[in-house]
Enquirer: 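Questions regarding the structure given below will be posed in turn.
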Protein chains: 2
Amino acid sequence: MHDDPDFDVQDFLPYLLNQAAEASSLEFQRVYKDRYGMLRNEWRVLFHLGIYGRMTARDIGVRAQMHKTKISRAVQRLAERRYLVRERDETDRRVEHLELTPAGQKVYVDLRSVARDYNEALVEGLDGEDVVRLRSVLRTLAKVRG
Amino acid sequence: MHDDPDFDVQDFLPYLLNQAAEASSLEFQRVYKDRYGMLRNEWRVLFHLGIYGRMTARDIGVRAQMHKTKISRAVQRLAERRYLVRERDETDRRVEHLELTPAGQKVYVDLRSVARDYNEALVEGLDGEDVVRLRSVLRTLAKVRG
DNA sequence: GGTTGTTAGTTACAAAAACGACTATTACAT
DNA sequence: ATGTAATAGTCGTTTTTGTAACTAACAACC
């Protein structure tokens, strides 16, 4: 009972993207949640610090396109667990530099290897050329400013 | 300070998919929210009923991969606004058939045209061949059962 | 040097989502 | 026919988000 053959939710990009994002996040989510009690925003912050090293909340926000309140709360929880330390900038005392502790590094390294394996498993079922284009298209779409 | 050149969040598929999904959903979200006070799960249910016609909550759940509690609450709110009517199945009294009212149809038709335009705008910046492959890859990924 | 504007980050409150337990009805097996 | 399991859908409670207002520090300008 397709009321309009010109339109189907299944072709609507935002819908498709959400379905794919949710489904493909599930398994990884279980790992960081069950193993470390972390939330999505927390592993994101952890990964940014693990990959790029010491940086400020603001910079993470720019790179990850995350709102500052999300980062603020994620940083709080990561700091409570001693996965990172905060250090005030001496010349501009509004700014805080964030850095993983050795404990945080360990968690990051562990999750990174899970992520890598999982990513490879996801990509495995797909055509190699498709994956290259997929990444590029996704990066373009991620920049869309509604 | 890339600690491991083999891994970057920016290449991690679940991350990329989430970024693209969030960014590309924003503008459409604003429309159904501002114009009709609807939530994400509500427009999904509305669209399924608009496109496929009368169906049960269960069937929507299967098609949209939505949990039944999400559907239940979305249906409640849509029923309050008189966008749909519920009708008990006479032979199996657990089941409820859902159907859009004329008012619901109007909302659906309006939002459908917004969605169509928005979708076209999104696709416009992309290579046509890429879009075809993108849809196919996304459908594959959406089926991944973590 | 005081006023105005910006920026980094936090907090409080309201809105929404997640999760599990629950009811009611039907199916199935012995 | 009766106990057990399965299914459709709802409800209550707890987590998470989203929004906007807030503090504190700096900048810029006259």
Side-chain angles (χ1 to χ4, degrees), chain A residues 18-19 21-23 25-30 32-34 36-45 48-49 54-80 84-99 146, chain B residues 18-19 21-23 25-27 29-30 32-34 36-45 48-49 54-81 84-99 146:
Chain A
N18 266 293
Q19 299 284 355
E22 265 177 47
S25 295
L26 263 182
E27 187 172 332
F28 183 58
Q29 175 184 21
R30 253 198 303 275
Y32 63 69
K33 199 173 173 187
D34 292 354
Y36 298 108
M38 284 174 55
L39 306 174
R40 196 170 51 126
N41 291 331
E42 290 166 33
W43 81 257
R44 283 185 176 178
V45 166
H48 276 82
L49 292 173
R54 172 183 161 108
M55 60 196 302
T56 69
R58 184 187 166 282
D59 293 337
I60 295 174
V62 172
R63 290 221 202 215
Q65 299 185 193
M66 284 169 69
H67 194 265
K68 56 186 181 174
T69 63
K70 291 184 183 176
I71 298 172
S72 175
R73 287 199 261 247
V75 166
Q76 279 180 342
R77 296 196 42 168
L78 292 172
E80 281 167 16
L84 61 76
V85 286
R86 340 162 75 145
E87 196 188 324
R88 278 249 165 263
D89 186 295
E90 280 311 319
T91 71
D92 184 345
R93 304 182 10 78
R94 290 171 302 185
V95 175
E96 251 183 8
H97 298 281
L98 307 170
E99 196 167 14
Chain B
N18 266 294
Q19 299 283 355
E22 267 176 46
S25 296
L26 264 182
E27 186 172 332
Q29 173 183 22
R30 254 199 302 276
Y32 64 67
K33 197 174 174 185
D34 292 355
Y36 299 108
M38 283 175 56
L39 307 175
R40 196 170 53 123
N41 292 330
E42 290 166 32
W43 80 256
R44 284 186 174 178
V45 167
H48 276 81
L49 291 173
R54 168 183 163 109
M55 60 197 301
T56 69
R58 184 187 166 284
D59 293 338
I60 295 175
V62 173
R63 290 224 202 214
Q65 300 185 192
M66 283 169 70
H67 193 266
K68 56 187 183 172
T69 61
K70 292 183 185 177
I71 297 171
S72 175
R73 281 177 164 119
V75 167
Q76 278 180 343
R77 296 196 43 168
L78 292 171
E80 280 167 17
R81 286 156 207 243
L84 60 77
V85 287
R86 340 161 76 147
E87 196 189 326
R88 276 248 165 266
D89 185 295
E90 282 310 320
T91 72
D92 183 343
R93 304 180 12 78
R94 291 171 301 185
V95 175
E96 251 184 9
H97 297 281
L98 307 170
E99 196 166 14

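Below, read A as the first sequence line, B as the second, and so on, with proteins coming before strands; counting in each chain starts at 1.
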Enquirer: Can you see if the side chain of A:Gln76 gets near the phosphate of C:dT11 - specifically, an N or O under 4.0 Å from OP1 or OP2?
Expert: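 For C:dT11, OP1 or OP2 has a side-chain N or O of A:Gln76 closer than 4.0 Å.
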Enquirer: Side chain of B:Glu99, backbone of B:Leu49: donor and acceptor closer than 3.5 Å?
Expert: no
Enquirer: Using atom CZ of B:Arg73 as one end and atom C1' of C:dA15 as the other, report the distance to the nearest whole Å.
Expert: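 Atom CZ in B:Arg73 sits about 13 Å away from atom C1' in C:dA15.
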Enquirer: A:Glu87 has an atom CD; how far is it from atom P of C:dG9, in whole Å?
Expert: 13 Å
Enquirer: Heavy atoms only, 4.0 Å cut-off, all strands: where does A:Arg40 land among base, sugar-phosphate and nothing?
Expert: nothing
Enquirer: With salt bridge (charged side-chain N to carboxylate O under 4.0 Å, His left out) as the rule and sequence neighbours excluded, what pairs involving residues 64-78 of chain A come up?
Expert: A:Glu42-A:Arg77
Enquirer: With sugar-phosphate meaning primed atoms plus P, OP1 and OP2, does A:Ile71 contact a base, only sugar-phosphate, or nothing at under 4.0 Å between heavy atoms?
Expert: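 Here A:Ile71 touches no strand at all.
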Enquirer: Rounded to the Å, how far apart are B:Met66 CE and C:dA17 C1'?
Expert: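 Computing the B:Met66:CE to C:dA17:C1' distance gives 11 Å.
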Enquirer: In the structure I gave you, are the side-chain heavy atoms of A:Tyr32 and A:Arg40 within less than 4.5 Å of one another anywhere?
Expert: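 Side chain of A:Tyr32 against side chain of A:Arg40, heavy atoms only: contact under 4.5 Å found.
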Enquirer: Please determine whether a side-chain nitrogen or oxygen atom of A:Arg77 lies at a distance below 4.0 Å from atom OP1 or OP2 of D:dT15.
Expert: no
Enquirer: If each of A:Asp59 and A:Gln29 is mapped to the nucleotide of DNA chain C with the nearest heavy atom, which maps nearer the 5' terminus, i.e. the 5' end?
Expert: A:Asp59
Enquirer: Tell me whether the OP1 or OP2 atom of C:dC19 has a side-chain N or O from B:Lys68 closer than 4.0 Å.
Expert: no
Enquirer: From OH of B:Tyr32 over to P of C:dA16, roughly how many Å is that when rounded to an integer?
Expert: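 So the OH-P distance, B:Tyr32 to C:dA16, works out to 11 Å.
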Enquirer: Got B:Leu98 and B:Ile60 here, is their nearest side-chain heavy-atom distance under 4.5 Å?
Expert: yes
Enquirer: Would you say D:dC26 has OP1 or OP2 under 4.0 Å from some side-chain N or O of A:Arg94?
Expert: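 A:Arg94 to D:dC26 OP1/OP2: no side-chain N or O under 4.0 Å.
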Enquirer: Measure from the side-chain heavy atoms of A:Glu96 and tell me the nearest of D:dT7, C:dT10, D:dC11.
Expert: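 Nucleotide nearest to A:Glu96's side chain: C:dT10.
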Enquirer: Give a yes/no answer on whether the side chain of B:Arg93 brings an N or O atom under 4.0 Å of OP1 or OP2 in C:dT23.
Expert: no
Enquirer: Could you check if a side-chain atom of B:His48 sits within less than 4.5 angstrom of a side-chain atom of B:Ile71, using non-hydrogen atoms only?
Expert: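 They are not in side-chain contact.
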Enquirer: Which whole-number value in Å describes the distance from A:Ile60 CD1 to C:dT10 P?
Expert: 11 Å
Enquirer: Rounded to the Å, how far apart are A:Asn41 CG and C:dG9 P?
Expert: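 After rounding, the reported distance stands at 16 Å.
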Enquirer: Is there a donor-acceptor pair under 3.5 Å between the side chain of B:Arg81 and the backbone N or O of B:Tyr36?
Expert: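 Yes; at least one donor-acceptor contact below 3.5 Å.
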Enquirer: Select base, sugar-phosphate, or nothing to describe what A:Arg88 touches, counting heavy atoms under 4.0 Å on all strands.
Expert: nothing
Enquirer: Roughly how far, to the nearest 0.5 Å, is the CZ atom of A:Arg88 from the NE2 atom of A:His97?
Expert: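 Output value for this atom pair is 10.0 Å.
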Enquirer: What stems show up for DNA chain D when you take Watson-Crick pairs (N1-N3 plus N6-O4 or O6-N4) and G-U wobbles (N1-O2, O6-N3), both under 3.5 Å, and require three or more consecutive pairs?
Expert: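 When the pairs of DNA chain D are grouped into runs of at least three, the stems are C:1-30 with D:1-30.
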Enquirer: When the distance from NE2 of B:His67 to P of D:dT15 is rounded to whole Å, what number comes out?
Expert: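 Taking NE2 of B:His67 and P of D:dT15, I get 18 Å after rounding.
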Enquirer: Take atom CZ of B:Arg58 and atom P of D:dT10, then tell me their distance rounded to the nearest Å.
Expert: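 One finds 15 Å between P of D:dT10 and CZ of B:Arg58, rounded.
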Enquirer: For the CZ atom on A:Arg93, are there more than 12 heavy atoms of other groups (residues, nucleotides or ligands in this structure) within a distance under 6.0 Å?
Expert: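 Atom CZ in A:Arg93 is not crowded, with 12 or fewer foreign heavy atoms closer than 6.0 Å.
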Enquirer: Tell me whether the OP1 or OP2 atom of C:dA18 has a side-chain N or O from B:Lys70 closer than 4.0 Å.
Expert: yes
Enquirer: Tell me whether the side-chain N/O atoms of A:Ser72 come closer than 4.0 Å to OP1 or OP2 in C:dT10.
Expert: yes
Enquirer: Between B:Lys33 and A:Lys33, which is nearer to the 5' end of DNA chain D once each is assigned its nearest nucleotide?
Expert: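 Mapping each residue to its closest nucleotide by heavy atoms, the 5'-most match is A:Lys33.
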Enquirer: Toward the 5' end of DNA chain C, which comes first, B:Leu39 or A:Asp92, by nearest nucleotide?
Expert: A:Asp92
